[in-house]
2 protein chains.
Amino acid sequence: MTNTRYTVAIHVLTLLAYAGPEALTSEFIAGSVNTNPVVIRRILAGLREAGLVRSQGGPGGGWQLLRAPEAVSLLDVLRAVDTEASFPLHATPPNLACPVGRSIQAILTGHFRTAQAAMERELARVSLRDLLEDVKAQPA
Amino acid sequence: MTNTRYTVAIHVLTLLAYAGPEALTSEFIAGSVNTNPVVIRRILAGLREAGLVRSQGGPGGGWQLLRAPEAVSLLDVLRAVDTEASFPLHATPPNLACPVGRSIQAILTGHFRTAQAAMERELARVSLRDLLEDVKAQPA
DNA sequence: CCAAATCGAAACCATCATGGTTACGATTTG
DNA sequence: CAAATCGTAACCATGATGGTTTCGATTTGG
């Protein structure tokens, strides 16, 4: 998880929620995120596979949110972009002739999963609607 | 957090705990991790700064754990290697002229911190002693 | 007191992920 | 039919990562 796709995905979805039923073009969205439209389309393509948004070509086309903002959690978005959110193990497998090397991966996998689950539980508690409220509550 | 240093650090510390008072050389440790001794020394240098281990040059030298295994948690190790464990924000700052772009970073920072804290709470519950027990409990 | 062992650290490298960019075809709308 | 928009492949620059070599400094033990 060194990449910014998760953050961009949340940003874009919040923007779509903010826009309501109106379709937004990747060019417009790229203007808010401050990047290239192709980058936006790449990320939105993943969100579309997950059933969160739909796209339409041609004039007047663009992207729309498919669910109510309160029905999309930050965990849903994480799953949709599914960028490795957990801890990677060794670059090359450890030495199996060593008692520690032999067992450490299985042991760590369990503990990492537990920690990851706790994080996901928190992400599941926040929805796009919460973000929208935060955005609208902002001064001037 | 795309790097494997956290996993390697835990592996190495578990090995030192396993070895007890005996000093282990970076070459020996590299044999268990299955990598280059310099990589091990690099990671151990960070753990030494954090006060977790000490090193000694010369024949008979090597690395030793400075604390009791039950006094070192996985969170302590994470802090010691301090590789970015959280979610990165945008690659380039969002457009401040957009209501969403203007506020999204501050909003997300808060939610990410909460999620991260939940994860760290779990990591704090596991110590090197727990790992050692898991290693020793392993069959044949 | 010397030889060997070990760490410390810099320098360099190959590989890969990432984000950005260009380009162009396909589709859809009006 | 023309313009807008998406879809996607291809390519690129950049930076992080893990590995490797090298050599000096320190320490130990004989």
Side-chain angles (χ1 to χ4, degrees), chain A residues 1-9 11-12 16 19 22-49 52-64 66 81-95, chain B residues 1-9 11-12 16 19 22-49 52-64 66 81-95:
Chain A
M1 192 51 155
T2 323
N3 70 52
T4 65
R5 295 200 274 268
Y6 184 38
T7 290
V8 172
H11 179 158
V12 171
L16 291 177
E22 183 187 1
L24 302 183
T25 70
S26 61
E27 190 172 356
F28 176 88
I29 297 170
S32 170
V33 176
N34 203 12
T35 182
N36 190 292
V38 176
V39 173
I40 297 296
R41 278 182 245 151
R42 271 207 284 250
I43 292 173
L44 277 169
L47 302 182
R48 181 182 45 204
E49 271 183 50
L52 296 182
V53 300
R54 73 192 189 95
S55 64
Q56 197 170 11
W63 300 81
Q64 286 167 305
L66 278 181
V81 299
D82 100 313
T83 173
E84 314 267 353
S86 189
F87 304 100
L89 296 175
H90 301 68
T92 79
N95 184 349
Chain B
M1 189 55 154
T2 322
N3 69 51
T4 64
R5 295 199 273 267
Y6 184 38
T7 289
V8 173
H11 179 158
V12 171
L16 291 179
E22 183 188 2
L24 302 182
T25 70
S26 61
E27 190 173 356
F28 176 89
I29 297 171
S32 170
V33 176
N34 203 13
T35 183
N36 191 292
V38 177
V39 173
I40 296 298
R41 277 182 246 149
R42 271 208 283 252
I43 292 173
L44 277 171
L47 302 182
R48 181 183 43 205
E49 272 183 49
L52 296 181
V53 299
R54 73 191 189 94
S55 64
Q56 197 169 13
W63 300 81
Q64 287 167 305
L66 278 182
V81 299
D82 101 312
T83 173
E84 313 268 352
S86 189
F87 304 101
L89 296 175
H90 301 70
T92 79
N95 185 350

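In what follows, chains carry the letters A, B, and so on, assigned in the order in which the sequence lines appear, proteins first and then strands, with residues in each chain numbered from 1. Computed over heavy atoms, backbone and side chain alike; hydrogens, waters and symmetry mates excluded. A quick note: this is a predicted structure, and the numbers were derived from the prediction, not measured.
One interatomic measurement links the two molecules: CG of B/Asn36 to P of C/dA11, which rounds to 18 Å at whole-angstrom precision. Summarising the geometry, the separation between CG on A/Leu24 and C1' on D/dA4 is reported as 15 Å, rounded to the nearest angstrom. The distance from atom CH2 of A/Trp63 to atom C1' of D/dC6 is 7 Å, rounded to the nearest whole Å. Separating the CZ atom of A/Phe28 from the P atom of D/dA4 is a distance of 17 Å, rounded to the nearest angstrom. Following rounding to the nearest Å, A/Ile29 (CD1) and D/dC6 (C1') show an atom-to-atom distance of 12 Å. Note: CG (B/Asn3) to C1' (D/dG15) measures 14 Å, nearest angstrom. For the pair B/Arg54 CZ and C/dG8 C1', the computed distance is 17 Å after rounding to whole Å. With rounding to whole Å, A/Gln64 atom CD is found 11 Å from D/dC6 atom P.
Regarding contacts with the backbone of D/dG18, every side-chain N or O of A/Thr92 stays at 4.0 angstrom or more from both OP1 and OP2. Distances shorter than 4.0 Å separate some side-chain N or O of B/Thr4 from OP1 or OP2 on D/dG18. Proximity of A/Ser55 to the phosphate of D/dC6: no side-chain N or O atom is located under 4.0 Å from OP1 or OP2.
When all heavy atoms of A/Gly60 and A/Ala23 are compared, the pair lying nearest together is O-CB, 4.3 Å. B/Leu16 and B/Trp63 make their closest contact through CD2-O, 3.3 Å (heavy atoms, listed as atom of the first residue, atom of the second, distance). The minimum heavy-atom distance between B/Ser55 and B/Arg48, with the atom names listed, is OG-NH1, 2.8 Å. Among all heavy-atom pairs drawn from B/Leu47 and B/Ala9, the shortest one is CD1-CB, 4.1 Å. Here the closest non-hydrogen pair linking A/Asn36 and A/Val38 is OD1-N, 2.9 Å. Contact between B/Glu22 and B/Gln64 at its shortest, heavy atoms only, is O-CG, 4.2 Å.
Side-chain contact between A/Val12 and A/Ile43 is absent, with no heavy atoms from C-beta onward closer than 4.5 Å. Using a 4.5 Å cut-off on side-chain heavy atoms (C-beta onward), A/Val81 and A/Val8 make no contact.
Within residues 39-47 of chain B, the residues approaching DNA chain D are B/Val39, B/Arg42, by heavy-atom distance under 4.0 Å.
Note: A/Thr4 OG1 to A/His11 NE2 = 12.0 Å, rounded to the nearest 0.5 Å. Summarising the geometry, atom OH belonging to A/Tyr6 is positioned 12.0 Å from atom CG belonging to B/Leu89; distances are rounded to the nearest 0.5 Å.
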Please write out each protein N/O paired with an N/O of nucleotides 25-30 of chain D under 3.5 Å, distance rounded to 0.1 Å.
residue: D/dT28; atom: OP1; partner: B/Gln56; partner atom: NE2; Å: 2.6

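Pairing for C/dG30 goes to D/dC1, judged as Watson-Crick or G-U wobble with the two contacts each under 3.5 Å.
Closest approach to the A/Thr25 side chain among D/dT5, C/dT6, C/dG19 is made by D/dT5 (side chain taken as heavy atoms from C-beta onward). With distances taken from any side-chain atom of B/Arg5 to the nucleotides C/dC7, D/dT17, C/dT18, the minimum falls on D/dT17. Of the candidates D/dA9, D/dG7, C/dT18, the closest approach to any side-chain atom of A/Val38 belongs to D/dA9.
Positionally, the nearest nucleotide of DNA chain D for A/Ser26 lies more toward the 5' end than for the other of B/Asn34 and A/Ser26.
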